[in-house]
Peer 1: 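Dumping the structure here so I can ask a few things about it.
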Amino acid sequence: MDFKKIEQKWQDRWEKAKIFQVKEDSKKKKYYVLEMYPYPSASGLHMGHALNYTIGDIFARFKRMNNFNVLYPMGYDSLGLPAENAAIKNKSHPKIFTEDAIKNFIKQQKELGLSYDWSRIVETHKPDYYKWDQWIFLKMYERGLAYKKKASVNWCGKCNTVLANEQVHDGKCWRHKDSDVEIKQLEQWFFKTTEYADELYEGIEKLNNWPEDVKAMQRNWIGKSYGTIINFKIDDEIWPVFTTRPDTIYGVTFMVISAQHQRLNELVKGTKYEKDVNNFLKKIKSTKQEDLDKLEKEGVFIGKYAINPINNEKVPVYAGNFVLADYGCGMVMAVPAHDQRDFEFAKKYEIPIKIVIKPDYDLNPDKISRAYTSDGVLVNSKEFNGTNSLDAIEEITKYLEKKKLGKKTVQYKLKDWLISRQRFWGTPIPIIYCDKCGMVPVNEKDLPVKLPDDVKFISNENPLLNNNSFVNVKCPKCNGKARRETDTMDTFVNSSWYFLRYCDNKNDKVIFDPKKVKYWMPIDMYIGGREHACMHLIYFRFYTKFLRDLGLINIDEPTYNLFNQGMLHGEDGKVMSKSAGNGVLPEEVSRSYGIDTARLFLVSMASQEKDVVWSEKGIQGTYRFMIKLIDYFNNIKFSKIKNEKIESKLNSTIKEINKDIENFKYNLAVIRLRQLLEAINKEKEINKEIIEGFLKILSPFAPHIVEELWEKIGNKSFISISEWPKYDEKKIKPEYEFEDTFIENIKHDISTVIRLVGKEPSLIKIFVSESWKYEIYKKLAKMESRNMKEIIGKIMVKGHEKEIAKISQLFVKNPNNFNNVVLDQKTELKLVNDNKEELEKLFKAKVEIIKAESSKEEKAKQAYPGKIAILIE
RNA sequence: GCGGACGUGCCGGAGCGGUCAAACGGAACGGGUUUAGGCCCCGUUGGCUUAGUGCCUACGCAGGUUCGAACCCUGUCGUCCGCACCA
């Protein structure tokens, strides 16, 4: 079998006939299937990509055949660091690398048989795409959502640029797990994601079909917490602090200001403590990020005292290494008795500990070994004594609000998104600096600000810095001498709205036609890796909300359905990758087994959200199935006769496979397809309708081979756009599901009896008696109006507890289906009759089937109560 | 510390309140076909028995709810993942 030839043939035909291209069609229900678009790396498509796209493709094909107008596009996240690094290494331009890589990707993706609408391709490195990145930037700038500020930012020495918080994992750069991120004070561009913090947080609840862990990660990341801002005073100036435990305010014995606090310097400048503080700052600066979790709490007294507004107590202020500068107010009120960190600090610096919350037992401030952080009753808290601490949170806050000493508030962990990068291969930030006018945005009509082609990559430095034709411009306001911003935008800016551009990818007038976007959005199924939980998957929600508020779209969320596929592991159990050396390439597998085999195998190993392990043995097993399939069609014999049994099997398979595909349980779908082929294979002749139904439901999984077989049995159209078969509940007959085991048992019985009797039979009599279960069912049916529990209770006394309980419960659940559960006498008779010929042939004897009346065949019933009796003569 | 997920034969993995634990695939063993087999077909793979379609034990462990639990609840042990000095 020349797989390659068949694959090529159908890929060409699909492309020529444009069967996967779609347009808005108000008469059809739309369905938008999207995979996270790839970064087009030079090494091309690996098996993990193949798995990811196969999952999406099967889904898209399924929906398409189910009459949806399916938008299933592909694009490339083609701005980014690796291409730039490659360019530096080879003294070339990243554009060349990127475009080669994209070409290679497209070729390889086409070889997988993916049913993308290629006319909708989006490439983010093209000016006609990033022009709109810049346009969105200007809109944000107008509204104050894009701004520049000096801040402590994360710097990766290997990337030679700053990073967003989301891109720092465990104190390391997301791209360089071996490189510590440094904190630098720099002036940078930010997007004000915090503007939407609350909506981003509260909206998670509505993402009903997102994986729990991704939602949990986002909740954690955004980190909403309710608390109170309390105004302490230092040197008669108000210094607010944030706390979630205002109930402990009488227990404050000191304050801690973050060592990184912007205004720490103000407090110590010119005092005798300045030196101490500076020494302390130097000391903690040398601590590595990875030691942080083991880090002891340290601090230094800064020579100031704060006034607690509730009782005017004076408490010392320390600078500390454990207080975050950019969460809350950068300063905390420390209550050592009821906060573990404060406790450790107080112990170390011998600061008094004052108990203000009391549990059922007594706490001795000198003897406790750790802070008491649970709730209790307030003590040492003047008029609040005796109040439950949970109530006191409310009451003390109200009290402070009344006296204008504090207020209720909400805090978020989420910080604004740092988007500027000191690199070349990104979207230029459309800002101009004029000596006279200051910072001036580029006029919309002058977009895009294009990346120059004539650049020299001499070092790790951003080549835009020295590119005069890029940097030197006239000020849009005064026409005077000015220079461009040379920072570019984070690559995640591009991916924050690409899914909208697919809806209208060629529009050169506006970012997209809102009507088209309104038709296609939201994404109905978004497929990608879990690693984007706190990066892309937050940013694209933020963009959606911003563009909504701009009036361009009318949705709140980009998608309510997210699917995370599992990781692909190599045969050694480690995650499959080039660097681990356990990689298997799609084209290699395709060469020996065909790409359909690879697709089928990839998808058959486990439910798609679980990790899967590649195995050579496994793919051979799948290959055997493909060979069997092809063999079957080489010898196929059609019949006009209806076959109820196989019809039942097909219908039940369709019913189940629909659910399996919807739930991404492709492994189960594949099993059902195998079982269906087994069943079909057992029949000598087959009705053509059955075969066509089978091919259709197989087609999303193995599209090329199936198209070929579809054509072979005389069809001229594409099966890929044929209609998915509908199952008919009435045709699903459960007795056939029992038939095989039932007949197996009878065969077994007969041979046993023959062996016992010790003679070759000339006549075999099979007595089919009424099932006792069936009789009980009939009794129950008569009593249906009565309380089932009561009935069960009564019958139980008689000693058939288990069976009766089961049967009656089934009956309660679904009385109409009861016959599906127990074969009645009629069905058993039919099944024996159906197989009479086979039995006669097998035992070389005449078979007689007798309906046993309970009175007449008492003997048979006794020997085999409620079952089949065999007599041979 | 906080959060999330998961513990089922030799392995991967189905089952997610009762028809029914172990589908399906892999592996091993036995048999058939075969010159031979790495192809194909059949059987076996928790225990005890039987002529058998029978009984017992079992879904990490311990309790609970229920007429009935792998499945629901509580606790516990273990594994994996994410975040983390978030006041």
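Reminder, nothing fancy here: chain letters follow the sequence lines and each chain counts from 1.
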Peer 1: Can you list the residues that meet the ring-ring contact (aromatic ring centres under 6.0 Å, His included) rule with A:Tyr412, with sequence neighbours excluded?
Peer 2: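 Testing A:Tyr412 for ring-ring contact (aromatic ring centres under 6.0 Å, His included), a comparison that skips the adjacent residues, returns none.
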Peer 1: A:Lys415 near the nucleic acid: base, sugar-phosphate alone, or nothing, with a heavy-atom cut-off under 4.0 Å?
Peer 2: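 Since no nucleic acid heavy atom lies under 4.0 Å of A:Lys415, the category is nothing.
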Peer 1: Quick one: A:Arg219 CZ to B:rC81 P, roughly how many Å, whole number?
Peer 2: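 A:Arg219 atom CZ is separated from B:rC81 atom P by 22 Å.
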Peer 1: If you compare all heavy atoms of A:Ala346 against all heavy atoms of A:Phe254, which two are closest, and at what distance to 0.1 Å?
Peer 2: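 Where A:Ala346 meets A:Phe254 most closely, the heavy atoms are CB-CE2, 3.9 Å.
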Peer 1: Listed by chain and number, what are the side-chain hydrogen bond (donor to acceptor under 3.5 Å, both in side chains) partners of A:Thr653, not counting sequence neighbours?
Peer 2: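 Expected list: none.
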Peer 1: Of the nucleotides B:rC24, B:rG15, B:rC41, which one has an atom closest to the side chain of A:Lys628?
Peer 2: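 Looking only at heavy atoms from C-beta outward on A:Lys628, the closest nucleotide is B:rC41.
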Peer 1: Need the glycosidic conformation of B:rG9: syn if within 90° of 0, anti if not. Which one?
Peer 2: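 This nucleotide is in syn.
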Peer 1: Nearest to the A:Leu668 side chain among B:rA84, B:rA87, B:rG15, which nucleotide is it?
Peer 2: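 Nearest to the side chain of A:Leu668 among the choices is B:rG15.
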Peer 1: What does the list of N/O pairs under 3.5 Å between the protein and nucleotides 3-10 of chain B look like, with a distance for each?
Peer 2:
none

Peer 1: Between A:Glu212 and A:Lys215, is there a side-chain N and carboxylate O pair less than 4.0 Å apart?
Peer 2: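 A:Lys215 and A:Glu212: salt-bridged.
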Peer 1: To the nearest Å, how far apart are A:Glu344 CD and B:rC85 P?
Peer 2: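 The distance from CD of A:Glu344 to P of B:rC85 comes to 13 Å, rounded to the nearest Å.
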Peer 1: For nucleotides B:rA22 and B:rG31, find the distance between their P atoms and express it as a whole number of Å.
Peer 2: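 Looking at atom P only, B:rA22 and B:rG31 are 27 Å apart.
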Peer 1: I'd like to check the side-chain hydrogen bond (donor to acceptor under 3.5 Å, both in side chains) partners of A:Thr193; sequence neighbours left out, ordered by chain and number.
Peer 2: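 For A:Thr193, no residue satisfies side-chain hydrogen bond (donor to acceptor under 3.5 Å, both in side chains) once neighbours in sequence are set aside.
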Peer 1: Please tell me which of A:Asp611 and A:Ser225 maps to the more 5' nucleotide of RNA chain B, matching each residue to the nucleotide holding its nearest heavy atom.
Peer 2: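 Per heavy-atom nearest nucleotide, the more 5' residue is A:Asp611.
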Peer 1: Measure CZ/A:Phe345 against P/B:rC85 and give the value in whole Å, please.
Peer 2: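 Computing the A:Phe345:CZ to B:rC85:P distance gives 17 Å.
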Peer 1: Expressed in whole Å, how much space separates the P atoms belonging to B:rA69 and B:rC80?
Peer 2: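 Pairwise P distance, B:rA69 against B:rC80, rounds to 33 Å.
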Peer 1: Could you check how far CG of A:Asn564 sits from C1' of B:rG82, rounded to whole Å?
Peer 2: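 For the pair A:Asn564 CG and B:rG82 C1', the rounded distance is 12 Å.
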Peer 1: Between B:rC71 and B:rU66, how far apart are the two C1' atoms, rounded to whole Å?
Peer 2: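 It comes out at 13 Å once rounded to the nearest Å.
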Peer 1: Just how far, in rounded Å, is P of B:rC24 from CG of A:Leu676?
Peer 2: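 That distance rounds to 14 Å.
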Peer 1: Using atom C1' of each nucleotide, how far apart are B:rA28 and B:rC11 to the nearest Å?
Peer 2: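 Per the computed distance, 11 Å lies between those C1' atoms.
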Peer 1: Quantified in whole Å, what is the C1' atom distance between nucleotide B:rA23 and nucleotide B:rG3?
Peer 2: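 Here B:rA23 and B:rG3 have their C1' atoms 35 Å from each other.
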Peer 1: Using side-chain contact (heavy atoms from CB on, under 4.5 Å) as the criterion, list what pairs up with A:Asn209, not counting sequence neighbours.
Peer 2: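 A:Asn561.
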Peer 1: For RNA chain B, write out the stems as range with range, using runs of 3 or more consecutive Watson-Crick or G-U pairs with both distances under 3.5 Å.
Peer 2: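 In RNA chain B, stems of three or more pairs: B:1-7 with B:77-83, B:10-12 with B:24-26, B:27-32 with B:40-45, B:46-48 with B:54-56, B:60-64 with B:72-76.
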Peer 1: For B:rG13 versus B:rG4, give the span between their C1' atoms, rounded off to a whole number of Å.
Peer 2: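 The answer is 22 Å between these two C1' atoms.
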Peer 1: Going by the rule ring-ring contact (aromatic ring centres under 6.0 Å, His included), which residues pair with A:Phe664 if we only count those two or more places apart in sequence or in a different chain?
Peer 2: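 Scan of A:Phe664 (ring-ring contact (aromatic ring centres under 6.0 Å, His included), adjacent residues dropped) gives A:Phe59, A:Phe563, A:Tyr666.
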Peer 1: Given that A:Ser604 and A:Phe322 both sit by RNA chain B, which one's nearest nucleotide is further toward the 5' end?
Peer 2: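 By nearest-heavy-atom nucleotide position, the 5'-most residue is A:Ser604.
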Peer 1: For nucleotides 25-31 of chain B, print each protein N/O atom paired with a nucleotide N/O atom at under 3.5 Å, atom names and distance only.
Peer 2:
{"from": "B:rG26", "atom 1": "OP1", "to": "A:Arg624", "atom 2": "NH1", "distance (Å)": "2.9"}

Peer 1: For B:rC73 versus B:rG7, give the span between their P atoms, rounded off to a whole number of Å.
Peer 2: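 It works out to 14 Å between them.
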Peer 1: Please identify each residue that fulfils side-chain hydrogen bond (donor to acceptor under 3.5 Å, both in side chains) with A:Asp339, with sequence neighbours left out.
Peer 2: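 Counting only residues at least two positions away or on another chain, A:Asp339 forms a side-chain hydrogen bond (donor to acceptor under 3.5 Å, both in side chains) with A:Arg341.
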Peer 1: Where the side chain of A:Lys297 is concerned, which of B:rC85, B:rC41, B:rA84 is the nearest nucleotide?
Peer 2: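 In terms of side-chain proximity for A:Lys297, the closest of B:rC85, B:rC41, B:rA84 is B:rC85.
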Peer 1: May I have the distance from A:Gln218 (atom CD) to B:rC81 (atom P), rounded to whole angstrom?
Peer 2: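 Rounding to the nearest Å, CD of A:Gln218 and P of B:rC81 are 21 Å apart.
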Peer 1: Measure the spacing between CE of A:Met605 and CH2 of A:Trp614 and express it to the nearest 0.5 Å.
Peer 2: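 A:Met605 atom CE to A:Trp614 atom CH2 measures 6.5 Å (nearest 0.5 Å).
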Peer 1: Base, sugar-phosphate alone, or nothing: which one does A:Val323 contact when heavy atoms must sit under 4.0 Å apart?
Peer 2: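 Here A:Val323 touches the bases of the nucleic acid.
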Peer 1: Would you kindly give the CG-to-P distance between A:Leu414 and B:rA84, to the nearest whole Å?
Peer 2: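 Nearest whole value for this atom pair: 13 Å.
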Peer 1: Using the C1' atom as the point on both nucleotides, what is the distance between B:rC16 and B:rC55, in whole Å?
Peer 2: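 B:rC55 and B:rC16 have their C1' atoms separated by 28 Å.
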Peer 1: Among residues at least two apart in sequence or on other chains, which ones pass side-chain contact (heavy atoms from CB on, under 4.5 Å) with A:Ser604?
Peer 2: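 Testing A:Ser604 for side-chain contact (heavy atoms from CB on, under 4.5 Å), a comparison that skips the adjacent residues, returns A:Phe601, A:Thr622, A:Val670.
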Peer 1: Surrounding NZ of A:Lys347 (heavy atoms of other residues, nucleotides or ligands, distance under 6.0 Å), is the total greater than 12?
Peer 2: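 Yes, because the 6.0 Å sphere around NZ of A:Lys347 holds more than 12 heavy atoms from other groups.
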Peer 1: Going by ring-ring contact (aromatic ring centres under 6.0 Å, His included), name the residues that satisfy it together with A:Phe280, two or more places apart in sequence or in a different chain.
Peer 2: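 A:Phe280: no ring-ring contact (aromatic ring centres under 6.0 Å, His included) contacts found.
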Peer 1: What contact category does A:Gln411 fall into here, base, sugar-phosphate, or nothing, at under 4.0 angstrom with non-hydrogen atoms?
Peer 2: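 Touches nothing.
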Peer 1: Can you sort out the partners of A:His536 under ring-ring contact (aromatic ring centres under 6.0 Å, His included), two or more places apart, ordered by chain and number?
Peer 2: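 A:Tyr526, A:His532, A:Phe540.
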Peer 1: Using whole Å, report how far CE of A:Met605 lies from P of B:rA23.
Peer 2: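 Between P of B:rA23 and CE of A:Met605: 21 Å.
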Peer 1: Below 4.0 angstrom, N of the basic side chain to O of the carboxylate: do A:Lys659 and A:Glu656 qualify?
Peer 2: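 Here A:Lys659 pairs with A:Glu656 in a salt bridge, since their nearest N and O are under 4.0 Å apart.
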